[in-house]
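This report refers to the structure that appears directly beneath it.
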Number of protein chains: 2
Amino acid sequence: MGKTHQPERAGVKEIARRANVSIGTVDRVIHNRTGVSEKTRILIQSIIKELDYQPNIMAQRLASKKNLRFTILIPGVSAETEFWKAPLIGIEKAEQELKPYGIHIEKYFFDQNDRKSFVGLTKKILKDGSDGVLLAPSFIGESAEFVTACQVAKIPYVLINSDLPEVDSLSYIGPDLFNSGYLSAHLAGYAIKEGKVLVVNISKDLDNDHHLLRKETGFNTYFKDKGISIKVVRADIRQTDDVFITQQLSAVFAAHPDIQGIFVTNSRVSAVARYLQQAEITDKLLIGFDFLKDNIEQLKKGTIDFLICQKPQEQGYKGIMALYQHLILNEVIEKVHFMPIDIITRENYAVYGN
Amino acid sequence: MGKTHQPERAGVKEIARRANVSIGTVDRVIHNRTGVSEKTRILIQSIIKELDYQPNIMAQRLASKKNLRFTILIPGVSAETEFWKAPLIGIEKAEQELKPYGIHIEKYFFDQNDRKSFVGLTKKILKDGSDGVLLAPSFIGESAEFVTACQVAKIPYVLINSDLPEVDSLSYIGPDLFNSGYLSAHLAGYAIKEGKVLVVNISKDLDNDHHLLRKETGFNTYFKDKGISIKVVRADIRQTDDVFITQQLSAVFAAHPDIQGIFVTNSRVSAVARYLQQAEITDKLLIGFDFLKDNIEQLKKGTIDFLICQKPQEQGYKGIMALYQHLILNEVIEKVHFMPIDIITRENYAVYGN
DNA sequence: TATATTTCCGTGTACGCACACGAAAGCGTA
DNA sequence: TACGCTTTCGTGTGCGTACACGGAAATATA
């Protein structure tokens with residue numbers, strides 16, 4: 001049992017035999033190198049096509065000592081940017097898988113509050129060279145410049161988490177922001193039949209955070225589309241510490257006592273949850289983003305009702321894999337890859353990501 | 001760029017050098033074959049551990065011509081059992097990936113309404129032999145017998161979609177039924193604040209469908225846990241044609257005009273949706289299971305509000321991969337692998353499975 | 001015609017491992 | 001001592017491919 005013979009895929013040897021040449025010549029054709037007459041080249045190519053020859057990945061990787069260097073440039077992980085822990089884990093998973101294929105990953109982390117740190121690293125990457133880049137283009141202008149330089153240097157690059165308009169990236173892998181907001185509104189619509197809904201944006205650099213805006217637009221559009229009479233109140237909070245947030249929210253709730261639910265447009269939802277808890281406000285629907293430790297804590301307690309999550313780990317994983325598939329396997333990569341929009345509740349968070 | 005040398009993982013050669021033996025001897029130790037003195041065996045093993053030696057998968061697979069035959073036994077796909085299309089796709093994806101590693105999959109499909117077809121196929125599998133089995137144990141008794149026989153024949157097996165109590169499977173990969181019901185109740189609880197909720201079981205073989213019961217239990221438990229005063233009405237429908245379903249539901253709605261929402265415990269939710277549509281009943285919350293074509297149609301229309309889905313494709317994929325990891329990579333497989341519980345709505349179905 | 005240059009192609013080795021084969025050493029027996 | 005058997009281990013070959021090297025033939029140059 002279990003000794004059946006493989007369906008005898010033909011290899012270079014067989015091709016060489018049929019073409020009456022040596023395997024060396026076949027090899028030259030396969031890697032379209034020079035040194036083969038046009039006649040034999042065409043002959044061999046036709047045989048390759050006829051036999052539907054596919055190289056043995058094993059032997060190929062074994063024999064070639066070609067190593068590739070991928071480079072990633074994403075925000076560093078801090079309390080402020082815990083989100084980026086997940087993509088990094090995905091990247092490291094891909095790294096593990098691809099290590100035996102001779103692929104190495106150089107990791108650079110920039111400070112999301114410091115454009116210069118970003119630019120400095122892009123310069124370094126261009127100087128050192130790279131075979132493929134994975135980029136989180138937080139700073140739009142600077143990122144555009146960088147990818148243009150990559151283009152010139154013929155380095156393929158993949159964007160994750162945010163897209164860059166009108167650039168020729170190998171692929172964009174990230175969230176569908178609009179729909180995640182739209183979906184949140186749909187969920188809110190089930191629980192809230194009257195009164196108001198509060199949309200909360202919490203960010204130090206609010207004006208540059210197109211993420212939040214897209215989600216908010218999606219959220220508002222739902223109510224517009226459905227002709228629902230719920231009023232949407234908005235609160236922009238430009239500091240991320242609990243004290244400031246508490247202060248701002250108190251004011252909003254004082255002004256709008258009939259708020260029935262809250263939609264936080266990013267992962268800072270746990271701060272809002274803490275406010276509600278401390279202010280002993282219960283029975284308010286609370287929806288926010290991202291599978292972070294604090295958020296899950298509040299989800300378990302029931303303070304947060306729904307977390308919308310877009311598989312941040314897979315963003316990193318798939319980003320690296322896209323480079324691999326393009327550069328090693330010569331596969332065609334889809335230009336835009338939206339991540340699924342996952343709804344996390346108390347009941348399913350434990351199996352999320354299984 | 002891109003020609004850096006691999007971090008020089010040590011191979012058999014290096015181990016042999018350090019142990020002052022030939023690679024042949026090292027090889028014997030690695031595959032714990034006979035023909036090595038106890039002394040050198042221990043020496044070599046210690047060096048292996050010290051160097052954290054990991055064989056080069058490429059070279060390993062290349063040099064060994066060992067082929068494996070996996071066998072799957074799952075329900076055939078029909079209009080009645082469209083669900084099983086997805087696991088099969090996952091299995092075929094795994095098959096594609098593993099083909100270059102010399103793994104072949106023999107596929108057997110039984111009729112879910114015919115115990116004999118199942119038993120017949122199990123006999124055939126045992127007669128033909130196999131290196132690993134993937135089983136959907138729809139018929140509990142017969143499946144238990146089969147896996148016992150596998151045990152005796154030392155064939156590892158993986159169960160998908162339903163578990164079998166007290167058997168020594170390599171792994172169970174499938175849904176967490178109870179929590180999917182519990183989650184559904186939670187969702188229903190948002191929209192329904194008074195009146196009744198209807199639980200609908202639709203199955204020809206209802207008494208043997210432990211799936212439905214588990215989900216229903218989860219559903220009921222939620223309301224019990226939360227002390228919610230919503231009353232749960234139950235309808236068991238033992239025929240699957242639309243006419244019969246319509247008839248039964250009409251009776252239920254006549255008896256309970258204050259039903260606010262419906263929970264269908266399996267994928268037949270689209271039939272209920274069609275009933276609601278035809279009876280022009282709107283504004284009833286409708287929750288059901290599975291990413292099937294008909295269900296998605298109704299989801300798009302808004303008749304169905306939520307579909308609970310447990311990545312059926314991945315169940316097949318991961319099942320095969322578990323066999324591979326166990327037999328080829330000698331990895332340890334987790335005994336129970338619950339699939340994530342996904343919530344599908346109009347907004348996110350399009351990106352589901354990305 | 002002899003020699004240099006180019007074009008084309010075959011040979012050999014290496015990649016890391018599996019495994020068959022046979023050599024050498026140790027042991028006992030006649 | 002001679003012989004055979006067992007235990008222990010080294011050598012060699014092959015898996016399918018990549019690539020360096022060098023040889024032969026074709027062409028150009030003197």
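In what follows, every chain begins at residue 1, and chains take the letters A, B, ... in the order their sequences are listed.
For a distance-only test at 3.5 Å, the side chain of B/Arg28 qualifies as a donor-acceptor partner of the base of D/dG10.
Phosphate contact (OP1/OP2 of C/dA18, side-chain N/O of B/Ser64, threshold under 4.0 Å): absent. Distances shown here put every side-chain N or O of B/Thr25 at or beyond 4.0 Å from the OP1 or OP2 atom of D/dT8. For the pair A/Thr40 and C/dC9, the criterion of a side-chain N or O lying under 4.0 Å from OP1 or OP2 is met. Neither OP1 nor OP2 of C/dG16 sits under 4.0 Å from any side-chain N or O of B/Gln60.
A salt bridge links B/Glu14 with B/Arg18: the distance from a Lys NZ or Arg NE/NH1/NH2 to an Asp or Glu carboxylate oxygen falls below 4.0 Å.
Place B/Asn56 and A/Ile23 on DNA chain C by their nearest nucleotides, and A/Ile23 ends up nearer the 5' end. Of the two residues near DNA chain D, B/Ser37 and B/Ala59, the one whose nearest nucleotide lies more 5' is B/Ser37. The residue among B/Glu38 and A/Tyr53 whose nearest nucleotide of DNA chain D lies closer to the 5′ end is B/Glu38.
Between B/Leu62 atom CG and C/dC15 atom C1' the separation is 9 Å, expressed in whole Å. A/Gln54 has its CD atom 15 Å from the P atom of D/dG16, to the nearest Å. Regarding A/Arg61, its CZ atom lies at a distance of 16 Å from the C1' atom of C/dA14, rounded to whole Å. For A/Leu43 and C/dC9, the CG to P distance is 10 Å, given to the nearest whole Å. As a whole-Å value, the separation of B/Asn32 CG from D/dC9 P is 15 Å. For the pair A/Asp27 CG and C/dT13 C1', the interatomic distance rounds to 14 Å; values are reported in whole Å. Distance CZ (A/Arg33) to P (C/dC9): 14 Å, rounded to an integer number of Å. Rounding to whole angstrom units, CZ of residue A/Arg41 and P of C/dC9 are separated by 10 Å.
At the heavy-atom level, A/Gly35 lies under 4.0 Å from base atoms of the strands shown. Among the atoms of the strands shown, none is found under 4.0 Å from any heavy atom of B/Thr34.
Note: A/Phe146 and A/Phe118 have perpendicular aromatic rings, judged against thresholds of 30 and 60 degrees for the angle between ring planes.
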side-chain contact (heavy atoms from CB on, under 4.5 Å) between A/Asn32 and A/Arg41, worked out = CA-CA 9 Å; A/Asn32 37 6; A/Arg41 158 157 276 134; 4.1 Å; yes
side-chain contact (heavy atoms from CB on, under 4.5 Å) evaluation trace for B/Val12 with B/Asp27 = CA-CA 7 Å; B/Val12 277; B/Asp27 185 65; 5.6 Å; no
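Listed candidates were C/dG10, C/dC9, D/dG10. Nearest to the side chain of B/Ser22 is D/dG10. Comparing C/dC19, C/dC9, D/dT17 by their closest approach to the side chain of A/Val12 singles out D/dT17.
B/Asn161 and B/Gln315 are linked by a side-chain donor-acceptor pair at a separation below 3.5 angstrom, with hydrogens and angles left out of the test.
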